[in-house]
Amino acid sequence: MNQASNVGRTTMGREAFVQSVQKALGDGRLIVVSNREPCVHEKTSHGIRVTRPASGMVTGIEPIMRAAGGVWVAHGSGSADRLVVDAHDRVGVPEDNPAFVLRRVWLSRAEESKYYYGLANRSIWPLCHIAYARPEFSHDDWSTYKAVNRRFAEAVLDECRDKPAVVFVQDYHLALLPRMLREARPDLTIAQFWHIPWPNREAFRIFPWGEELLDGLLGNDLLGFHIQYHCMNFLSTIDRAIEARVDYERFRVFRGGRPTTIRAFPISVDFDQIGADSSLPLVDAHMSEFVSILGTTAELQKIFIGADRLDYTKGIPERFRAFDMLLRKHSELRGRVVLLQLGVPSRTHLTSYRDLNDELDDIVDDINWRHQSEDWQPIRFLREHHGYHAVLAAYRLALVALVTSLHDGMNLVAKEFVSTRTDGDGVLLLSEYTGASRELSGAVLVNPFDVEGMADSMYEALSLSEEERRERMSRMREQVGRNDSFRWGRKIFEEIARLKREPVTVA
Ligand code: F6P
């Protein structure tokens, strides 16, 4: 597709999305609410720095908020966040030419520790991912989770100002919020997107407050998951755990008379914007920086790249071990391949995340020690927050991008990588346990639990002819280009508009 038709498609996609939002809103306003904020203000020795967090949720939602406008309510977590808000805790985003308003909710350390690190990430996260990390449950975390959901509800209701609104809630941190809003304002339209997998009902049974959590979610008019399989899991969980009528024909649940519609909406990225940003001079500069860090170029050595939040669900130790196995099985590759791993530290207050970091250090040390030569080191592990343009640069340098999650709702790294490859080259090695694997038919699929199999797939990726690489990449670019973030948003808001037209049915 040439540049001109690209621009045409982007504009059309964005406009169609904005129209769908306007239709769904009528004379109401749009309020998005999430735990993670779309931009963080941090104090540094040179003043205030604004960063965009490494979050698939932010990657997916931010472009649609920029296009649709409205208010985004989120936890203000940055050290300089309070310095930039007005008297109502609001700040425009982006600050130089605001497209939407960010309303910050403040949490104490104790609240953050019990609600975010505790219930959300020590209980629900492992419960839903089933990546062999045992969920932990604490009554204290649960009561703080409830209290914090209440705090978000107050902020949202304040933003609604007794006017009609569509409230679009994000993720597993705010499962109780929809019911709280519904009780306070029965007239609101409430939708939620659950960005992580929903487990099967046997796995969910152990959650001690299952009934309350499910009841909270059934305060929504619409509840979205990435894939149909998670919708099915949710319906069968409801069937077993709570008094409600499940309509499997129409994917709806009736509890207390008002239906909640369950639908799959595979989230995506702003394909055209990422493609355009990838050729900025700033990205070229980052590419040169990586080249000098690696001491090599894409011409001299074949570059594998990984870019992840450092989370045990991402399969990073497995990826490193497979790379090690690749070098052991194919000694001719020594000195000819390199793995550049960008890792953003995440949730490091939790032991499981600190353990992961230690494990990664040990594995990288061991692999490098065993294979390296005077002028070659197989793995470069850069553990820090990398800005948006630096990540794009890494994707562009890669011959092979590695997405090896043990379980992932969607995984937007895979779609971002594909979006950057306007050159039509590059291979995506993708875990079959990501939502993205259901869409990206040009990827080389792997089972990250099978380390030797993954090493063989790495070899296969290296051995693909240029023609085959291009054919696969072109298929994936077509898939992501067609199903971009605006289409994702449009599908959700069309469904919201449809639900608003339907009379509220009592089962
Ligand atoms: O994948 C679920 C999710 O909440 C995403 O929405 C987000 O990308 C990621 O986890 C990051 O989590 P956190 O907000 O805890 O950094």
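Bear in mind that the values here come from a model prediction, so they are computed numbers and not experimental data. Ligands are counted one by one from 1 in listed order, and the atoms in each one are counted from 1 as well.
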Under 3.5 Å, which donor-acceptor pairs link side chains of residues 57-65 to any protein atom two or more places apart or in another chain?
from: Thr59; atom 1: OG1; to: Ser55; atom 2: O; distance (Å): 2.9
from: Glu62; atom 1: OE1; to: Arg66; atom 2: NE; distance (Å): 3.2
from: Glu62; atom 1: OE2; to: Arg66; atom 2: NE; distance (Å): 3.3
from: Glu62; atom 1: OE2; to: Arg66; atom 2: NH2; distance (Å): 3.2

Within residues 340-363 or reaching into it, pairs that qualify as ring pair (Phe, Tyr, Trp, His ring centres under 6.0 Å) - sequence neighbours excluded: Tyr117-His349, Tyr312-Tyr353
Within the 6.0 Å centroid threshold, strictly below: Phe207 and Phe137: yes
Protein residues that have a heavy atom under 4.0 Å from any atom of ligand 1, sorted by chain and number: Arg36, Ser55, Gly56, Met57, Tyr116, Trp125, Asp171, Tyr172, His173, His195, Ile196, Arg309, Arg347
Distance flag, aromatic centroids of Trp488 and Phe17, threshold under 6.0 Å: no
Verdict with supporting geometry, Gln192 and Asn220, side chain to side chain donor-acceptor pair (under 3.5 Å): CA-CA 7 Å; Gln192 182 159 15; Asn220 282 298; 2.9 Å; yes
Listed once per pair and sorted, the side-chain hydrogen bond (donor to acceptor under 3.5 Å, both in side chains) pairs that draw on residues 176-185, sequence neighbours left out: Arg179-Asp215, Arg182-Asp221, Arg185-Asp187
